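First comes the structure, then the notes that go with it.
Quick caveat: nothing in here was measured; it's all calculated off a predicted structure.
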Amino acid sequence: MEEVLHLRDHADLAARFRYERQYGVLAEGPMEGWQDQPQAAEISAEEFERLWAEARRALGDSA
């Protein structure tokens, strides 16, 4: 998550486009309101990082 927020807030456009081409579009708006969505569930930071690393590996293999 930190990587996404850092790129969104600090990276130059070229770096941001490379990231989005590889992993998808970065979140543009506030990260609030997800709790009200159907099927929403809160997970720990450790679980998020584990799932994100797994997704990155899968996306990296397909690129």
Interatomic distance, Leu51 atom CG to Arg56 atom CZ [nearest 0.5 angstrom]: 14.0 Å
Side-chain ion pair, Glu54 and Arg50, N-O less than 4.0 Å: yes
Hphob cluster co-occupancy, Leu59 + Phe48, side-chain heavy atoms under 4.5 angstrom: yes
Atom CD of Glu47: over 12 foreign heavy atoms under 6.0 Å: yes
